[in-house]
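Sharing a structure below in structure tokens format, with a few things to ask.
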Amino acid sequence: QVRLMESGGGAVQAGGSLRLSCAGPTFAYDTYYMAWFRQAPGKEREGVAVLDLTNGSPYYHNAVKGRFTVSEDSAKRAIYLEMNNLEPDDAAMYYCAAQWPAIVDCAIFRGSGYPEYWGQGTQVTVSS
């Protein structure tokens, strides 16, 4: 069983920044991909950023390119989502997810191909 744990959510004003953290798989960490998803009330869960842990390649939803950065600390088996210039539309519950094997399908940015393992989520609130 893969357990994921997010932290770092909170409330900020538009234009502010937050950094989310996720403790990832403890076994064979670098054979997964990990991802950040978000879900706002009344909307579908959408992929925000993906990090292929086999080669370090990041992938982003167009809506967050240039503002969000996904990174990892392999020694800590953790990934991060640095969110800058936050907008009210970024407000959502953010989830960390993981998939093995690490076959990244960018369909997750279009609402399909969801990973198998999920965290409980952390809330991000952005006020205008």
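We number each residue from 1, following the sequence as shown.
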Practice item. Kindly assign one of parallel, tilted or perpendicular to the pair Tyr94 and Phe68, based on the angle between their ring planes and the thresholds 30° and 60°. Key: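 Ring orientation of Tyr94 relative to Phe68: tilted.
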Could you tabulate the donor-acceptor pairs under 3.5 Å formed by side-chain atoms of residues 29-36, not counting sequence neighbours?
residue, atom, partner, partner atom, Å
Tyr29, OH, Glu72, OE1, 2.7
Tyr29, OH, Ala78, O, 3.4
Thr31, OG1, Ala28, O, 2.6
Thr31, OG1, Trp100, NE1, 3.0

Point to revise | Validation row: Glu44, Gln39 side chains within 4.5 angstrom (heavy atoms) | key: no
Check your understanding: Any sub-3.5 Å donor-acceptor pair from Glu6's side-chain atoms to Cys96's backbone N or O?
Key ->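 Judged by distance alone, yes, a pair lies under 3.5 Å.
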Output side-chain donor-acceptor pairs under 3.5 Å for residues 7-20, partner residues at least two apart or in another chain, one line each.
residue, atom, partner, partner atom, Å
Ser17, OG, Asn84, OD1, 2.9

Check your understanding: Should Val64 and Tyr114 be counted in the same cluster of Ile, Leu, Val, Met, Phe, Trp and Tyr side chains packed under 4.5 Å apart?
Key ->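 In one cluster with Val64: Tyr114, no.
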Practice item. First locate atom NZ of Lys65, then atom OH of Tyr59, and finally report the distance between them rounded to the nearest 0.5 Å. Key: 11.5 Å
**Study point:** salt bridge (charged side-chain N to carboxylate O under 4.0 Å, His left out) involving Asp90 - partner list, sequence neighbours excluded
**Key:**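 For Asp90 the salt bridge (charged side-chain N to carboxylate O under 4.0 Å, His left out) partners, ignoring immediate neighbours, are Arg38, Arg67.
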Practice item. Please report the shortest heavy-atom distance between Ala97 and Pro115, naming the atom on each side. Key: CB-CG, 3.8 Å
Check your understanding: Arg45: what forms a salt bridge (charged side-chain N to carboxylate O under 4.0 Å, His left out) with it, not counting sequence neighbours?
Key -> none
Check your understanding: With sequence neighbours left out, which residue pairs that include part of residues 118-128 fulfil the side-chain hydrogen bond (donor to acceptor under 3.5 Å, both in side chains) condition?
Key -> none
Review point. Side-chain heavy atoms under 4.5 angstrom apart, residues restricted to Ile, Leu, Val, Met, Phe, Trp, Tyr: same cluster for Tyr95 and Met83?
Key: no
Point to revise | Leu51 CG to Ser57 OG distance, which is reported to the nearest 0.5 Å | key: 8.0 Å
Practice item. State plainly whether one hydrophobic cluster holds both Val124 and Leu4, where clusters connect Ile, Leu, Val, Met, Phe, Trp and Tyr through side-chain heavy atoms under 4.5 angstrom apart. Key: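 Yes, it is one cluster - the side chains of Val124 and Leu4 are joined through contacts under 4.5 Å.
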Review point. If you measure from OG1 on Thr69 to OH on Tyr80, what distance do you get to the nearest 0.5 Å?
Key: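 Separation between the atoms: 14.5 Å.
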Practice item. Sequence neighbours left out, what pairs pass side-chain hydrogen bond (donor to acceptor under 3.5 Å, both in side chains) with at least one residue falling in residues 102-112? Key: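 The answer is none; no pair qualifies.
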Review point. Going through the distances and angles, do Gln99 and Tyr117 end up as a side-chain contact (heavy atoms from CB on, under 4.5 Å)?
Key: CA-CA 6 Å; Gln99 176 63 43; Tyr117 305 105; 5.7 Å; no
**Study point:** Considering all heavy atoms, the nearest Ala49-Tyr60 contact
**Key:**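 That would be CB-CD2, 3.7 Å.
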Check your understanding: Are Val126 and Leu81 connected in the hydrophobic side-chain network, where two residues link if heavy atoms are under 4.5 Å apart?
Key ->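 Same cluster.
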